[in-house]
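Lettering of chains follows the sequences in order, A, B, ..., and the numbering in each one begins at 1.
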Protein chains: 2
Amino acid sequence: MRPFKHPHPDDFVLERVLYALSDPVRLEIVRHLAQVAEASCGELDGGRPKSSMSHHFRVLRDSGLVCTYGVGTTHMNSLRRADLESRFPGLLQAILDNTDA
Amino acid sequence: MRPFKHPHPDDFVLERVLYALSDPVRLEIVRHLAQVAEASCGELDGGRPKSSMSHHFRVLRDSGLVCTYGVGTTHMNSLRRADLESRFPGLLQAILDNTDA
DNA sequence: TCCATTGTTCGAATATTATCGAACAACTGA
DNA sequence: TCAGTTGTTCGATAATATTCGAACAATGGA
């Protein structure tokens, strides 16, 4: 299992991060990851097809929001909090703070 | 000139706001408005066709980011800072703080 | 009233995304 | 080595967005 490519914080693009978070499915993933610190893809699909989820994880990875690494047959995902904070201070927190109401 | 409809802060949707800001043209508009407090559509197009800009302003209005009102033959736009701050505290500031590098 | 200015709306073409089944790849355990 | 589990990749389809010219609407001034 070859590791995924994750962008360096210097290469994060604000527009891409915002776009990645503008999808309800992906925002839900990020919110979940903010609470558990780490979760497999399977734990994060809401009964959705794996191919769909794989797409969303890729968008999250490419934007710099999420880090994915293989552990056995599963892929573990985590939020890149520190990297995001260093590049876009306060952004992630402001988004996570919103409990939608 | 009938006034545009602007959503109430209670009806702001985080995903929509993030999506509106994920477009470079719209983000540029918002950044500009953050500095001048008020500007006409004409001041904000970068030589782009008016019909294109009109579309972007509508997205910004519908998401709650921008308020547009008619003054004579021109339309003035302003950032809905207070409304955004009340609904998504810190979000706009975190985005505006990023000077992209 | 006639005209120039400022934007909106309409319609169509193009581009991007989302979704999901099917096939494939990596790993583990028996 | 074989089977089961977990995800990825591929390919196609459907849905959404972007872009922009052309026609239209509202305003203000000459």
Legend entry - Val59(A) side chain reached by Phe57(A) side chain, heavy atoms, under 4.5 Å: no
Inset, instruction - For dT9(D), take OP1 and OP2 only and decide whether either is under 4.0 Å from a side-chain N or O of Arg58(A). - result: no
Inset, instruction - Spell out yes or no: do the side chain of Ser54(A) and the base of dG7(D) have one donor N/O and one acceptor N/O closer than 3.5 Å? - result: no
Legend entry - Interatomic distance, Phe57(B) CZ vs dT9(C) C1' [rounded to whole Å]: 16 Å
List, with names and distances, any nitrogen or oxygen atoms from the protein found under 3.5 Å away from nitrogen or oxygen atoms belonging to nucleotides 26-30 of chain C.
from: dA26(C); atom 1: O3'; to: Met1(A); atom 2: N; distance (Å): 2.6
from: dC27(C); atom 1: OP1; to: Met1(A); atom 2: N; distance (Å): 2.4
from: dC27(C); atom 1: OP2; to: Met1(A); atom 2: N; distance (Å): 3.4

Inset, instruction - Pick base, sugar-phosphate or nothing for Ser52(B), based on heavy-atom distances below 4.0 Å to the nucleic acid. - result: base
Inset, instruction - Kindly determine whether Leu92(B) and Leu79(B) satisfy side chain to side chain contact (heavy atoms under 4.5 Å, CB included), including the steps that lead there. - result: CA-CA 10 Å; Leu92(B) 185 60; Leu79(B) 254 186; 4.0 Å; yes
Inset, instruction - For dC10(D), take OP1 and OP2 only and decide whether either is under 4.0 Å from a side-chain N or O of His55(A). - result: no
Inset, instruction - Let me know the distance between CG of Asp23(A) and P of dA17(D), rounded to the nearest Å. - result: 11 Å
Legend entry - Short side-chain N/O contact from His75(B) to OP1 or OP2 of dT8(C), under 4.0 Å: yes
Legend entry - Rounded distance (Å) that lies between atom P of dA15(C) and atom OH of Tyr19(A): 17 Å
Inset, instruction - Give a yes or no on whether the backbone of Ala34(A) and the side-chain of Arg81(A) come within a donor-acceptor separation of less than 3.5 Å. - result: yes
Inset, instruction - Provide, to the nearest angstrom, the distance between the CE atom belonging to Met76(B) and the C1' atom belonging to dG7(C). - result: 14 Å
Inset, instruction - State, yes or no, whether a side-chain contact exists between Arg26(A) and Glu15(B) at a heavy-atom distance under 4.5 Å. - result: no
Inset, instruction - Please report, rounded to the nearest Å, how far the P atom of dT8(C) is from the NE2 atom of His56(B). - result: 12 Å
Legend entry - For atom CG of Asp45(A) and atom P of dT8(D), their distance in whole Å: 11 Å
Inset, instruction - Respond yes when some side-chain nitrogen or oxygen of Tyr69(A) is under 4.0 Å from OP1 or OP2 of dG7(D), and no when none is. - result: no
Inset, instruction - Send over the distance from Lys50(B) NZ to dG21(D) P, rounded to a whole Å. - result: 12 Å
Inset, instruction - Run the salt-bridge test on Arg48(A) and Glu28(A) with the 4.0 Å N-O cut-off and return the result as yes or no. - result: yes
Inset, instruction - Decide if atom CZ of Arg16(B) counts as having more than 12 heavy atoms of other residues, nucleotides or ligands within a radius under 6.0 Å. - result: no
Inset, instruction - Using only side-chain N and O atoms of Ser51(B), determine if any of them is under 4.0 Å from OP1 or OP2 of dC10(C). - result: no
Inset, instruction - Test ring-ring contact (aromatic ring centres under 6.0 Å, His included) on Phe4(A) and His75(A) and set out the steps. - result: CA-CA 10 Å; Phe4(A) 291 104; His75(A) 287 181; 5.4 Å; yes
Legend entry - Between P of dG7(D) and CD1 of Ile29(A), the distance in whole Å: 12 Å
Inset, instruction - Please tell me which of Asn77(B) and Val59(A) maps to the more 5' nucleotide of DNA chain C, matching each residue to the nucleotide holding its nearest heavy atom. - result: Asn77(B)
Legend entry - Side-chain ion pair, Asp83(A) and Arg87(A), N-O less than 4.0 Å: no
Legend entry - Nucleotide nearest Pro49(A) (side chain, heavy atoms from C-beta), chosen from dG7(D), dT19(D), dG21(C): dG21(C)
Legend entry - dT18(D) phosphate, OP1 or OP2, under 4.0 Å from Arg48(B) side-chain N/O: no
